Amino acid sequence: MPAGPLDNTPASPGYDTDVLIAGSGPAGGSMALLLATYGVRVKMITKYGQLADTPRAHITNQRTVEVFRDLGIEHLLQREATPWELMSNTTYCTSLAGQELGRVPSWGTNPRRHADYLLASPCTMVDAPQTIVEPILVSQAQARGAKVRFDTEYLGHEQDADGVTTTARDRLTGTEHTVRSRYVVGADGARSKVAEDLGLPFEGPGAVAGALSIVFEADLSRFVAHRPSVLYWMLQPGADEHGVGLGVLRMIKPWTEWMLIWGYDPAAGPPDFTDAFIRDLAVKLVGTDDFEMRVSSRAPWTINHHFATSISKGRVFCAGDAIHRHPPNNGLGSNTSIQDSYNLAWKLAHVIKGLAGPSLLDSYDAERAPVARQVVERANKSIADTGRILEALGLSDTSDPGKLEERLAVLRAPGQDGEKTREAMREAIAYKSYEFNAHGVEHNHRYASGAVDPDGTPMPAFTRDPDLYAQPTTWPGAKLPHAWVTRDGVRVSTLDLGGKGAFTLFTGIGGQVWAQAAAAVSAQLGLDLPVVFIGPGQAYEDPYGTWAGLREIADDGAILVRPDLYVAYRVTSAPASADEATTQLGRALRAVLGR
Ligand SMILES: Cc1cc2nc3c(=O)[nH]c(=O)nc-3n(C[C@H](O)[C@H](O)[C@H](O)COP(=O)(O)OP(=O)(O)OC[C@H]3O[C@@H](n4cnc5c(N)ncnc54)[C@H](O)[C@@H]3O)c2cc1C
């Protein structure tokens, strides 16, 4: 995207900033960084005096790492995160020292699944708690020009035809002030005041369970280093009540820092978090008292089943937990929040710079509200699926410890019952791939909105389970497929050739008319429109033939890719003349931009 008219200029008369963001979590932090990168004046206010002080969301999927890559900061994340190979198991047991029930090879590390992940993205998955992710996002946002104000609480807003006036309180002095902006983004988390003020419609039962999170340091290497996992799930009496399905020990730092998760009844409220209570719980889940621990934080939180069916109103947009509230199962929390921002930021930038009509912003609701519903339903279903593990033992709950012990013993016993129970347990644990290998949930979104210009073809049917398997396509509304191509022999991802705040046109041999069309349309609309040629003898070569196998167009066809790397429009082959190509491309881009 070219430097817009507003870059490096003082605030336009009547505005303090272009976009005001409430909240500095994964949604707000990434929104601030993306907007600052795109050259938009942005101010982020956040309620507390610091970023996340507890690890919270941690599974960082390939889609999120792709956003970091597009922003040029993938290396900062990789430097601090726990690498993919240490995420390779999810272990079910009675305690770390106790009976192991089985493992799920996780997050695409199973050799059977690994290729699927490598084929879908140039990026790996990593484990990066919010204590790592937020400082990277926010410091980079500041370095690129975003203004950040801590200890500042969003109180309310009023919008009119030209902008939004937000009232905020400085929590250090108690004074209130107003901020006038063109747009507001409410990224203020699960108790979003912005969403409440907008009166966004929500569906779902709301709070469904309670969980305690206790972060502690303890060297537990001897129990875990031989079966590296991000999550160790404990089947014990009471572990299935409330909470996230079972008791959990979650790795924060291998293998010396942990988060313990245990359920509580939200109607009764959280129990008293005494040191003795915490120690007892930790000893129960580790399975021995032969370890030292130092507790660094303890907090109750609520597990929700709640999503907004409409996520914006006028000039105010909500993102992240403000619009989708769900359990951590499937690791979709901060990932989805960052994707919300990736979807909205380029649209705001284009509208603010006068490169798109305001109707482009309507596509945020059309594209991301269905995702909010999908992730909330998926994560809650994963809690329910954990019930299969109990069912495999022939139990409906763990209320009778004697019975539980008896059935666990059967898993190790000879005879028909043992054999049947073992088979059922293997199936129940393998089924958890829907939680730990749900690659399709992460990659298979197909947007339908004004920001996509359909080509009249039906959406390609999924050939494998769409929750488990990513299926690339260039069908308008799908994410640009990743393929390794080469420049001067050096490999580069197709995803690296687009993004960076701009639209990109992909074509190949015989597609010269598209280069002429792109130059003409770029001049007409006043935006950059780089053209990427892929093929033998072109700027980028396709020596593996992967791109040719994925692109679903002829050599001389064209694929118009949005700044968020989704396909906006495609044409199977080149028209007879550059004029015709210009007409086609200009019409499509105008339609997408709402101009
Ligand atoms: C204890 C806990 C454990 C979790 N564990 C996991 C996990 O393991 N995996 C997972 O995927 N998800 C987990 N989650 C959920 C995950 O943290 C969220 O999905 C993710 O943080 C959402 O990002 P967000 O930016 O939308 O909201 P948040 O990260 O909640 O950020 C909200 C921001 O808004 C600010 N704010 C709030 N109110 C105001 C206001 N009025 N004015 C200004 N600023 C305001 C806050 O200070 C904060 O900066 C957990 C959540 C909690 C609470």
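One-based numbering, in listed order, for ligands and for the atoms of each. It should be emphasised that the depicted structure is a prediction, and the values quoted were computed from it without experimental measurement.
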Among all protein heavy atoms, pick out the one at the shortest distance from [atom]; state its residue, atom name and that distance to 0.1 Å.
{"atom": "atom 7 (C) of ligand 1", "result": "Pro328 CB, 3.2 Å"}
{"atom": "atom 11 (O) of ligand 1", "result": "Gly333 N, 3.1 Å"}
{"atom": "atom 16 (C) of ligand 1", "result": "Gln130 OE1, 3.5 Å"}
{"atom": "atom 27 (O) of ligand 1", "result": "Gly189 CA, 3.6 Å"}
{"atom": "atom 12 (N) of ligand 1", "result": "Ala57 CB, 3.4 Å"}
{"atom": "atom 47 (O) of ligand 1", "result": "Tyr48 CD1, 3.2 Å"}
{"atom": "atom 45 (C) of ligand 1", "result": "Lys47 CB, 3.6 Å"}
{"atom": "atom 31 (O) of ligand 1", "result": "Gly25 CA, 3.6 Å"}

When you compare ligand 1 with [X], is there at least one nitrogen or oxygen pair between them that comes in under 3.5 angstrom?
{"X": "Ala322", "answer": "no"}
{"X": "Ala190", "answer": "no"}
{"X": "Thr46", "answer": "yes"}
{"X": "Asp321", "answer": "yes"}
{"X": "Pro26", "answer": "yes"}
{"X": "Trp301", "answer": "no"}

Does Arg315 make a cation-pi contact with Tyr183 (under 6.0 Å, within 45 degrees of the axis)?
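Satisfied, under 6.0 Å and within 45°.
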Does NZ or CZ of Arg182 fall inside the cone over Tyr15's six-membered ring, less than 6.0 Å from its centre and within 45° of the axis?
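Yes, cation above the ring, under 6.0 Å and within 45°.
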I'd like to check the side-chain contact (heavy atoms from CB on, under 4.5 Å) partners of Thr90; sequence neighbours left out, ordered by chain and number.
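side-chain contact (heavy atoms from CB on, under 4.5 Å) check on Thr90 returns Tyr92, Val104, Ser106, Leu231, Trp233, Phe436.
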Short side-chain donor-acceptor distance under 3.5 Å, [Y] and [X]:
{"X": "Ser449", "Y": "Glu367", "answer": "yes"}
{"X": "Arg113", "Y": "Thr109", "answer": "no"}
{"X": "Thr165", "Y": "Arg180", "answer": "yes"}
{"X": "Asp219", "Y": "Thr256", "answer": "no"}
{"X": "His445", "Y": "Gln339", "answer": "no"}

Record the part of [X] in heavy-atom contact with ligand 1 below 4.0 Å; permitted values are side chain, backbone, both and neither.
{"X": "Thr152", "value": "backbone"}
{"X": "Arg56", "value": "both"}
{"X": "Ser24", "value": "both"}
{"X": "Tyr154", "value": "both"}
{"X": "Arg191", "value": "neither"}

Applying a strict 4.0 Å limit to heavy atoms, is Met259 in contact with ligand 1?
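No.
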Ligand 1 contact by Lys193, heavy-atom criterion under 4.0 angstrom
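In this structure, Lys193 fails to qualify as a contact of ligand 1 - no heavy atom is under 4.0 Å.
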Verdict with supporting geometry, Asp53 and Tyr48, side-chain hydrogen bond (donor to acceptor under 3.5 Å, both in side chains):
CA-CA 10 Å; Asp53 58 349; Tyr48 302 105; over 6 Å; no
For this output row, return yes or no: ring centroids of Tyr117 and His439 closer than 6.0 angstrom.
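Yes - the distance between ring centres of Tyr117 and His439 falls below the 6.0 Å cut-off.
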Centroid separation under 6.0 Å, is that true for the rings of Tyr566 and Tyr447?
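Yes, ring centres under 6.0 Å apart.
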If you count the atoms of ligand 1 from 1 in the order shown, which ones are under 4.0 Å from a heavy atom of [X]?
{"X": "Ala187", "answer": "32 (C), 33 (C), 34 (O)"}
{"X": "Arg250", "answer": "8 (O)"}
{"X": "Gly320", "answer": "26 (O)"}

Quick one: side chains of residues 71-80, donor-acceptor pairs under 3.5 Å with protein atoms, not counting sequence neighbours, listed by atom name and distance.
residue: Glu74; atom: OE1; partner: Arg69; partner atom: NH1; Å: 3.0
residue: Gln78; atom: NE2; partner: Thr124; partner atom: OG1; Å: 3.2

Thr46 and Thr152: side chain to side chain contact (heavy atoms under 4.5 Å, CB included), yes or no, with the steps?
CA-CA 5 Å; Thr46 188; Thr152 305; over 6 Å; no
More than 12 heavy atoms from other groups under 6.0 Å of CD on Glu100:
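Counting other residues, nucleotides and ligands, CD of Glu100 exceeds 12 neighbours.
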